[in-house]
Amino acid sequence: AQSVTQPDIHITVSEGASLELRCNYSYGATPYLFWYVQSPGQGLQLLLKYFSGDTLVQGIKGFEAEFKRSQSSFNLRKPSVHWSDAAEYFCAVVPDGGYNKLIFGAGTRLAVHP
Amino acid sequence: EAGVVQSPRYKIIEKKQPVAFWCNPISGHNTLYWYLQNLGQGPELLIRYENEEAVDDSQLPKDRFSAERLKGVDSTLKIQPAELGDSAVYLCASSSDSSSTDTQYFGPGTRLTVL
């Protein structure tokens with residue numbers, strides 16, 4: 001079945017540590033790929049997106065993500081986490097050939113320790 | 001520029017009562033989306049509008065849910081009657097059009113609690 005999987009429900013890191021959030025998808029062709037962040041009481045905010053080209057994508061707030069076709073993955077990374085990064089992170093895809101219909105993963109909740 | 005506006009932010013009702021949510025998209029955005037976000041899950045699309053036309057309502061439970069976007073700008077999502085399982089966050093989003101590369105901008109959502 002077509003799906004977006006975020007294997008980690010909760011992740012806790014120390015402030016200043018590096019971060020990697022995992023995302024795998026199971027769509028036949030290369031979908032369009034997105035990462036959104038949702039802070040408490042806030043709407044989802046787009047961090048970055050990948051459509052084609054360079055497989056390493058830079059986003060806002062110091063985040064980047066790497067598309068790996070062989071692994072059907074689109075993992076989100078940040079070299080040094082700040083306390084304000086504590087939030088929920090959602091990976092999403094628009095299946096190839098579809099209109100702008102976002103399919104979301106279940107999310108990963110990030111906690112940051114001082 | 002104002003973002004997507006939703007109201008109310010919170011709503012508590014008893015089961016079997018009706019409830020309505022309102023959304024005003026970003027000015028000039030033709031496409032409007034309503035999503036349902038259950039606790040611990042990602043948002044799921046309920047309905048998508050292109051201007052005033054509902055072009056994808058396949059995931060909308062039509063026995064109790066309805067939506068409208070009469071003038072192609074703001075939109076209302078209604079539930080009548082509400083059930084306990086409807087407790088969730090209802091998100092509205094908009095984009096300038098519905099191309100696959102167009103960014104969707106989300107509102108803060110309405111958190112519904114059905115008692």
Side-chain angles (χ1 to χ4, degrees), chain A residues 1-10 21-25 27 29-53 57 59-60 74 76 87-110, chain B residues 1-10 21 23-26 29-51 53-60 88-111:
Chain A
Q2 296 179 327
S3 65
V4 179
T5 302
Q6 294 181 247
D8 304 306
I9 298 174
H10 295 278
L21 303 181
R22 296 182 291 165
C23 173
N24 294 94
Y25 62 90
Y27 291 88
T30 302
Y32 297 149
L33 299 159
F34 305 78
W35 275 98
Y36 280 85
V37 61
Q38 187 176 37
S39 299
Q42 304 294 316
L44 284 89
Q45 181 182 22
L46 180 67
L47 288 174
L48 46 79
K49 55 189 177 183
Y50 173 78
F51 299 146
S52 64
V57 181
I60 63 172
F74 188 57
L76 182 70
E88 187 141 25
Y89 292 80
F90 292 93
C91 180
V93 307
V94 171
D96 182 44
Y99 69 87
N100 199 0
K101 181 175 182 177
L102 285 167
I103 309 296
F104 286 88
T108 296
R109 182 165 296 278
L110 174 66
Chain B
E1 179 182 305
V4 176
V5 179
Q6 292 188 247
S7 70
R9 294 291 309 277
Y10 304 91
F21 315 123
C23 172
N24 193 37
I26 292 173
H29 279 192
N30 297 322
T31 307
L32 184 146
Y33 313 77
W34 283 103
Y35 287 85
L36 165 68
Q37 185 177 17
N38 286 307
L39 184 65
Q41 298 183 25
E44 299 175 21
L45 182 69
L46 287 173
I47 188 169
R48 173 177 68 99
Y49 281 92
E50 293 290 342
N51 299 301
E53 182 181 1
V55 294
D56 183 358
D57 63 356
S58 58
Q59 301 303 310
L60 190 71
V89 176
Y90 293 83
L91 296 167
C92 180
S94 70
S95 61
S96 59
D97 61 39
S98 63
S99 71
S100 299
T101 59
D102 203 39
T103 298
Q104 293 186 32
Y105 295 88
F106 285 80
T110 297
R111 182 176 296 277

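Atoms considered below: every heavy atom in the structure, side chains included; atoms not considered: hydrogens, waters and symmetry mates. Below, read A as the first sequence line, B as the second, and so on, with proteins coming before strands; counting in each chain starts at 1.
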Please classify the contact of [X] with chain B as side chain, backbone, both or neither, using a heavy-atom distance under 4.5 Å.
X: A/L44; value: both
X: A/Q38; value: side chain
X: A/L102; value: both

Problem set entry | From B/E44 atom CD to A/K101 atom NZ, the distance as rounded to the nearest 0.5 Å | 10.0 Å
Problem set entry | CD on A/Q42 to CZ on B/F106, rounded to 0.5 Å |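 Between atom CZ of B/F106 and atom CD of A/Q42 there are 14.0 Å.
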With only heavy atoms counted, which part of [X] is less than 4.5 Å from chain A, the side chain, the backbone, both or neither?
X: B/R9; result: side chain
X: B/Y33; result: side chain
X: B/Q6; result: neither

Problem set entry | Any B/Q104 side-chain heavy atom under 4.5 Å of A/Y36 side chain |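 Answer yes - side chains close enough.
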Exercise. Would a 4.5 Å heavy-atom cut-off, applied to side chains only, mark B/Q37 and A/F90 as touching?
Worked result: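 Answer yes - side chains close enough.
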Exercise. Would one find more than 12 heavy atoms of other residues, nucleotides or ligands at under 6.0 Å from atom OH of A/Y25?
Worked result: yes
Problem set entry | A/I60 CD1: over 12 foreign heavy atoms closer than 6.0 Å |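 Yes, CD1 of A/I60 has more than 12 neighbouring heavy atoms, counting only those of other groups under 6.0 Å.
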Exercise. Partners of B/A88 by side chain to side chain contact (heavy atoms under 4.5 Å, CB included), sequence neighbours excluded?
Worked result: B/L36, B/N38, B/Y90
Problem set entry | Shortest non-hydrogen separation from B/T101 to A/K49 and the atoms involved |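 In this case the closest contact between B/T101 and A/K49 is O-NZ, 3.7 Å.
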Exercise. Pick from B/S95, B/G42, B/A93: which one has the most heavy-atom pairs with chain A under 4.5 Å?
Worked result: B/G42
